[in-house]
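Position 1 is the first residue of the sequence; numbering continues from there.
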Amino acid sequence: MPGAIPELLIRNGRLFTVDDALPWAEAVAVSDGRISWIGSDADAPPARETIDARGGLVLPGFVDAHNHVRLGAVGTAVSLSGARSLEEIRSRVAAFARERPAEDWIEGEGWNYSAIPGGIPSARDLEGITHGRPAFLFSYDVHTVWMNREALQRLGIVRGSGDVPFGRVARDDDGEPTGFITDFAVMGLSRDGQAALEGVLPSFSSDRRYGRLLESLEMATRFGITTVVEPQNSVDDIPLFARARDEGALQTRLIVALFHPPGTTEDDLHAFEDARRTFDDDWLRVGPIKLYIDDVIEPHTAAMLEPYANRPGEAGQLFWEPETFADLIVRLEGRRFQTFTHATGDRGVRTVLDAVEHARRIHGPRDVRHQIVHVECVHPDDLSRFAELGVVACMQPRHAAPEIVGEWRNNVGAARWPSAFPWRSLHDAGATLAFSSDWNVAEMDPLVGIYTALTRASLDGAERWTPEQRLDLSTTIRAYTLGSAYANFADRDRGSITLGKHGDLVVLSDDLFSLEDHRAILDSHVELTVLGGTVVYSAQS
């Protein structure tokens, strides 16, 4: 009520509000879960609890627009992130196998294509290191899987067998499976793909899946993320999120997208609509639709307008025929669905833009805020179409880091590097940027993403790549807050420090705007995460 004493006051901070009406302030108060006052320290009202920000930067809570909180097997799989060679990967897998003699499967995640000679691994590369146990190793982008001979046998992948529900089986010239599986993100994370692995792989058990979710949600809170967009789920996954909410484990707001692979039925769409009606509040909202138009550039499975530089006869492929995909966008719009479409190659991006343009001709102007996710390679002719069509570019700064994109650069070729991860070009063309982590593909910490957006550099600062696409700090923070909130129809109550919005705030240890060296951002951390006026994380606790 007017005149009531606020529950919380944060003072002595550098408040970057991401609100053009009042860009900067020193203090903010929260009453009944919402921002009730913003101003100077001298004018601050008394409050039941006062927090001294000690000169740190105070921001709206980060809105992570693409974060797979259901994924990531922290502690139950060998981490291959950062391994720079096949020898190092083998060493990590072997050590993990020795330390866990009772494990039936050896699972791993995070290997990078550039660590493998030629970029594509095989079962032979894993011979003799798991003591006869099957190995199932996810690439860092979760789009491909690498298995040993024992895993192929356990899963019935042999000469003469077909593809599996969780991916496409690579084979040598004699028809023997190589141990490499593509399209896992499209097929393996579908309802059928998950069903095929549940009861086989330990990580797909319900207990492990719920444990991963809780770990990821706790991590999000620690990194100042107050809204997570989980971009790819079946209706069977929703009970996991509802359980977390009901057990009080949600310390961040969730927006959950439902996966629509080829073959989705009318009954599936009815189930999507039922879920959208059932879960629609500030804590758990179900609704957007996840689509794929292509795969990824590293194994040459993304759709390109011109052939890959190192495979002249190959340009990747689309998962949908362009006309079919355009009609699908029209049908989903007709059912009031927003879409998130994975597109990495320039042909994939253009196909999605063409489909949205087709929908605009059919339906006329409409505020749908379709997103293209990743947007890794964009033809210059298509840059302006994002703003013209109202399409949001949902991008992940860390994906462009030099130490990650080695194989990517080789595949597309230097002539297309100026079109790679074009944050600055899209921003200058008027597009809305929504930044995110894509955990567990990359680090969840937004500060790592902010550093990369400002520098296009490796974490050690030793290498920069395509620095002309760097962004300034204000634009980057906006993409991690208000841009992502807008992209998900949450900008009315999230994304900026504005009167009446949720009291979702983050206090950083330093004022990022005053740091002389961008690498100092990596030494900064979240001091406090506030959700609806309640402190849900404190670095001092």
Side-chain angles (χ1 to χ4, degrees), residues 68 70-73 76-78 80 103-111 113 120-123 126 130 133-171 175-209 212-213 230-237 240 257-265 268 290-296 298-302 317 319-320 342 344 438 440-441:
H68 300 274
R70 282 196 305 112
L71 303 182
T76 61
V78 54
L80 304 173
E103 293 283 351
D104 187 40
W105 281 80
I106 302 302
E107 297 186 67
E109 58 186 19
W111 60 267
Y113 303 92
I120 304 299
S122 73
L126 298 173
T130 63
R133 287 172 287 170
F136 195 96
L137 311 177
F138 289 109
S139 58
Y140 85 94
D141 56 12
V142 199
H143 278 257
T144 59
V145 173
W146 176 14
M147 292 185 285
N148 63 1
R149 176 176 49 83
E150 291 85 352
L152 292 171
Q153 292 173 346
R154 182 79 66 92
L155 292 167
I157 303 173
V158 297
R159 184 186 183 117
S161 65
D163 288 328
V164 290
F166 53 86
R168 304 189 191 282
V169 178
R171 299 181 183 275
E176 293 288 344
T178 66
F180 188 58
I181 303 291
T182 65
D183 297 342
F184 182 86
V186 181
M187 299 171 67
L189 297 180
S190 69
R191 200 174 193 177
D192 291 343
Q194 291 188 147
L197 293 172
E198 189 173 1
V200 179
L201 278 181
S203 64
F204 278 75
S205 70
S206 58
D207 287 344
R208 286 269 184 98
R209 291 167 61 217
R212 289 199 304 271
L213 174 62
E230 220 303 349
Q232 185 169 327
N233 306 274
S234 78
V235 290
D236 296 337
D237 297 314
L240 284 175
L258 296 169
F259 186 28
H260 183 301
T264 297
T265 66
D268 292 329
K290 174 68 178 289
L291 303 166
Y292 281 82
I293 194 63
D294 66 358
D295 198 44
V296 287
E298 288 86 346
H300 303 90
T301 53
Q317 59 277 324
F319 287 121
W320 302 81
H342 167 112
T344 57
D438 201 10
N440 65 331
V441 173

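Partners of Pro134 under the side chain to side chain contact (heavy atoms under 4.5 Å, CB included) rule, at least two apart in sequence or in another chain, are Trp105, Asn148, Glu150, Ala151, Arg154. Asp237 meets the salt bridge (charged side-chain N to carboxylate O under 4.0 Å, His left out) test with Arg70, Arg209; sequence neighbours excluded. Partners of Glu230 under the side chain to side chain donor-acceptor pair (under 3.5 Å) rule, at least two apart in sequence or in another chain, are Asn233. Partners of Arg208 by side chain to side chain donor-acceptor pair (under 3.5 Å), not counting sequence neighbours: none found. The side chain to side chain contact (heavy atoms under 4.5 Å, CB included) search around Arg149 returns Glu127, Gln153, not counting sequence neighbours. With sequence neighbours excluded, the residues forming a side chain to side chain contact (heavy atoms under 4.5 Å, CB included) with Thr178 are Ala170, Asp172, Phe180, listed by chain and number. Annotation: ring-ring contact (aromatic ring centres under 6.0 Å, His included) contacts of Trp111 (sequence neighbours excluded): Tyr113, Trp146. Partners of Asp192 according to the side chain to side chain contact (heavy atoms under 4.5 Å, CB included) rule, which considers only residues two or more places apart in sequence or in another chain, are Ser190. Applying the side chain to side chain donor-acceptor pair (under 3.5 Å) test to Thr301 and every residue at least two apart in sequence or in another chain returns Asp295. With sequence neighbours left out, the ring-ring contact (aromatic ring centres under 6.0 Å, His included) criterion links Phe166 to no other residue. For Glu176, the side chain to side chain donor-acceptor pair (under 3.5 Å) test picks out Arg159, with sequence neighbours left out. Among residues two or more places apart in sequence or in another chain, the ring-ring contact (aromatic ring centres under 6.0 Å, His included) test is passed with Phe204 by none.
In this structure, Phe138 has its ring center under 6.0 Å from that of Phe136.
The distance from the CE atom of Met187 to the CG atom of Asp163 is 6.0 Å, given to the nearest 0.5 Å. Taking NE2 of His143 as the reference point, atom OG1 of Thr182 lies at 11.0 Å (rounded to 0.5 Å). A distance of 6.5 Å separates NE2 in His260 from CG in Leu291, rounded to the nearest 0.5 Å. The structure places CG of Leu155 at 8.5 Å from CD1 of Ile181, a figure rounded to the nearest 0.5 Å. If you take CG on Asp294 and CD on Gln317, they are separated by 8.5 Å, rounding to the nearest 0.5 Å.
Shown here for Leu126 and Met147, the closest heavy-atom pair between the two residues is CD1-C, 3.9 Å. Summarising the geometry of Val142 relative to Phe184, their closest heavy-atom pair is O-CD2, 3.6 Å, with the distance given to 0.1 Å. The nearest pair of heavy atoms linking Asn440 to Leu71 is OD1-CB, 3.7 Å. Closest approach of Arg171 and Pro177 over heavy atoms only: NH1-CD, 3.5 Å.
In this structure, Glu298 contributes its side chain and Asp141 its backbone to no donor-acceptor pair below 3.5 Å. No donor-acceptor pair closer than 3.5 Å links the side chain of Thr144 to the backbone N or O of Ser139. In terms of modelled atom types and a separation under 3.5 Å, the side chain of Glu107 and the main chain of Ser203 share a donor-acceptor contact.
A donor atom on one side chain and an acceptor atom on the other are not found under 3.5 Å apart for Thr264 and Arg191.
Within the 4.5 Å cutoff, the side chain of Tyr292 has no heavy atoms near those of the Pro261 side chain. Looking at heavy atoms from C-beta onward, Asp183 lies in side-chain contact with Phe319 at the 4.5 angstrom threshold.
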